[in-house]
Each structure stands twice: as C-alpha cells, then as structure tokens.
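One structure is given here, and the rest of the page talks about it.
Here the structure is a predicted model, which is why all the values come from computation and not from measurement. For ligands, and for the atoms within them, numbers begin at 1 and follow the listed sequence. Throughout, residue positions are numbered sequentially from 1 according to the sequence presented.
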Amino acid sequence: MMSLVYRNILVISDNSHLCREFENLISELELEKLNWVFSISPFSNLSEFKAKLKNEVSIRNLKEHSTVVEICKDFDLVFSIHCKQIFPKLMVKNIKCINVHPGYNPINRGWYPQVFAIVNELPIGATIHEIDEELDHGEIIDRKFVKKSITDTSLSLYSKVISMEIQLLKKNLLNILQNDYKTLSPDNKEGNLFLKKDFNELCKIDLSRNYQAKDFINLLRALTHGEYSNAYFVNPGNNRKVFVTIRLEEEE
Ligand code: 0FX
C-alpha cells in the first residue's frame with residue numbers, strides 16, 4: 001500500500017502545455033483523490049489556462065505577503081511547473097517546494113536554457129529539484145541529459161527538453177508524493193546562470209562584429225524558435241530592426 005505524505009498540493013505554472021501534461025500524469029497515476037490546486041501568475045493568460053486544463057485555475061501573486069501566508073497554511077507541497085515567479089523565502093522555508101526545470105542543473109540554470117546551451121556549446125537536459133532561495137539551485141531529485149545535435153535550433157532542442165521533463169515527472173512523481181527519494185548535491189552548485197537580460201543582449205546582432213562561422217551559426221540556431229522574432233540587426237537606412245532566423249537541413 002502506497003503511503004502518500006502530501007495531500008494538499010499546489011501546482012503553480014505559467015506554461016499551459018506542461019501543466020496539461022502534468023494533469024494527464026495525475027490521472028494516469030490515479031492521483032485525483034489528492035487535493036490538487038492549480039494556479040498561475042498574474043501576468044499569465046487565465047483564459048488560455050482555463051481552456052486547456054480540466055482543473056479549475058486561479059491567479060496567485062507571490063509578491064503578496066497574505067497570499068504566501070495562506071499558501072503556507074493551506075498546502076504541504078508546491079510544484080513549480082515553469083512558474084515565472086520567484087518563490088519567497090517564507091514559502092521555501094515552510095513548505096516542500098519542487099521545481100521542474102528545462103535545463104540540466106547546475107550547468108543550465110536560469111532562463112531559456114537551450115539557447116545558452118547552443119551558444120556556449122554546453123550539454124543540456126532537464127532537472128527536478130527542491131527549491132531553495134536561489135534560482136534553480138536546490139537539492140537535485142533527478143536530472144537527465146538530452147542529445148543535442150548540430151542541426152538543432154532552440155525550438156527542436158526545447159521540444160526534446162520538454163519531453164525529458166515529462167519523463168522525469170513520470171519517473172519521480174510518486175516518490176516525491178511519498179517523500180521517498182534521495183537528493184544529490186553537485187560539487188560545483190553554482191554552475192552557469194543565465195538571465196532574461198542575457199537573452200535580450202544575445203538578440204542584438206552588431207553588424208560590424210567579426211564572428212567565426214561556427215559561432216555565428218550557433219547564435220542563429222540558438223535564437224531560432226518557431227515564430228518568435230529574436231535575433232535582429234538594425235537597418236542603418238531607417239533604424240528599424242530586421243529579424244533573422246536560420247533554416248538548417250541535413251542532406252539525406
Ligand atoms: O516556460 P518556459 O519554457 O521556461 C521559462 C524559463 O526558460 C525557465 O528557465 C523557467 N524555469 C520557466 C519558469 O520559464 O518559457 P516560455 O514558454 O516563455 O518560452 C519557451 C521557449 O520559447 C524559450 O525557451 C525560448 C522560446 N522563446 C520564448 C519567448 C517568450 C523565444 O525564443 N523568444 C521569446 O520571446
């Protein structure tokens with residue numbers, strides 16, 4: 001007989017696709033009997049989440065002290081499924097908080113990990129870890145690399161990482177709910193940390209800068225992500241941004 005330690009569980013997310021996958025996993029593992037509550041950040045699109053999820057969704061602003069106090073009172077476990085709000089100290093000190101991160105900690109801490117993995121030629125994967133007061137930094141519950149190929153763009157690599165996050169959740173969710181797992185603390189806990197401002201900086205292409213061909217192709221691969229307008233240079237004729245993407249095709 002499975003003995004679940006946690007029963008009142010808050011899931012905070014700003015990624016509706018992954019959140020839906022998480023709901024599916026709850027059904028697959030027949031865990032609906034637990035008290036699952038789904039929330040998003042104030043800046044996410046509530047109607048998008050309402051349309052996608054089976055569960056009810058509400059907004060929780062972690063900058064509001066009263067909200068955090070209420071969470072600490074009402075829940076004994078919190079999952080961040082790509083939640084873009086920083087978890088306040090009060091919360092991480094009082095409740096078990098778990099993060100699902102689209103990077104291999106501590107190599108790929110921070111924002112848009114696959115972008116920086118391509119630019120800096122770093123390995124990449126996914127991680128489930130306990131949340132501490134620093135970003136993507138807590139004790140590691142599980143992590144796994146994905147294969148990065150020279151033809152990957154940000155989007156194709158991101159898809160592999162998302163699949164790995166789902167696989168890791170499938171493998172670890174029951175153990176987490178039973179509080180039955182061993183954590184790992186790497187020697188160099190700091191690793192690499194990249195932020196949104198680093199991404200914004202990468203996007204500006206200086207037309208007078210010299211690059212090695214490999215580095216320039218890597219930069220464009222890293223900034224090519226479906227319909228997003230990321231990399232750009234400024235048209236000297238009219239000062240308007242010109243957005244650039246790359247298409248890679250390996251011969252048969
Ligand atoms: O939810 P998420 O996949 O993840 C982000 C951070 O990367 C992650 O480290 C953090 N733990 C989580 C809370 O938030 O982000 P997203 O859905 O906003 O973007 C997904 C990918 O789309 C991103 O990795 C790169 C790409 N993208 C996104 C935006 C908004 C772009 O290439 N350009 C953009 O302007």
Identify, for atom 8 (C) of ligand 1, the protein heavy atom at the shortest distance, and state residue, atom and that distance. Pro102 CG, 3.8 Å
Nearest to atom 3 (O) of ligand 1, what protein heavy atom do you find, and at what distance? Tyr158 OH, 2.5 Å
Hey, are Glu70 and Lys73 close enough for a salt bridge, meaning a charged N less than 4.0 Å from a carboxylate O? no
Applying ring-ring contact (aromatic ring centres under 6.0 Å, His included) as the test, list every pair that has at least one member in residues 121-144; sequence neighbours left out. none
When you measure from atom 9 (O) of ligand 1 to each heavy atom in Ser229, Pro113, Gly110, which option holds the nearest one? Gly110
To which protein heavy atom is atom 4 (O) of ligand 1 closest, and what is the distance rounded to 0.1 Å? His82 ND1, 3.5 Å
Could you see which bit of His225 sits under 4.0 Å from ligand 1, with heavy atoms only: side chain, backbone, both or neither? side chain
Asn15 N/O under 3.5 Å from ligand 1 N/O: yes
Heavy-atom side-chain contact between Glu121 and Lys214 under 4.5 Å: yes
Can you tell me the protein heavy atom closest to atom 10 (C) of ligand 1 and the distance? Trp111 CZ3, 4.4 Å
As an exercise, identify every atom of ligand 1 less than 4.0 angstrom from a heavy atom of Cys83. 13 (C)
Do Asn8 and Asp74 have side-chain atoms, one donor and one acceptor, less than 3.5 Å apart? no
Let me see the working for Ser41 and Asp14 under side chain to side chain donor-acceptor pair (under 3.5 Å), right down to the final yes or no. CA-CA 6 Å; Ser41 304; Asp14 293 299; 2.7 Å; yes
Here the atoms of ligand 1 under 4.0 Å from any heavy atom belonging to Gln114 are 23 (C), 24 (O), 25 (C)
Atom indices of ligand 1 within 4.0 angstrom of Lys84 heavy atoms, with elements: 5 (C), 13 (C), 14 (O), 15 (O), 16 (P), 18 (O)
Do Ile141 and Leu4 belong together in a cluster built from hydrophobic side chains that touch within less than 4.5 Å? yes
Would you say the side chain of Leu223 lies within less than 4.5 Å of the side chain of Cys203, judging by non-hydrogen atoms? yes
Pick from Tyr112, Tyr228, Phe116, Phe194: the one approaching atom 6 (C) of ligand 1 most closely through a non-hydrogen atom: Tyr112
Would you say Asn230 contacts ligand 1, with heavy atoms under 4.0 Å as the rule? yes
Looking at Lys189 and Glu139, does any basic side-chain N land under 4.0 Å from a carboxylate oxygen? yes
For atom 11 (N) of ligand 1, state which one of His101, Gln85, Lys196 supplies the nearest heavy atom. His101
Side chains of Leu177 and Ile9 in contact at under 4.5 Å (non-hydrogen atoms): yes
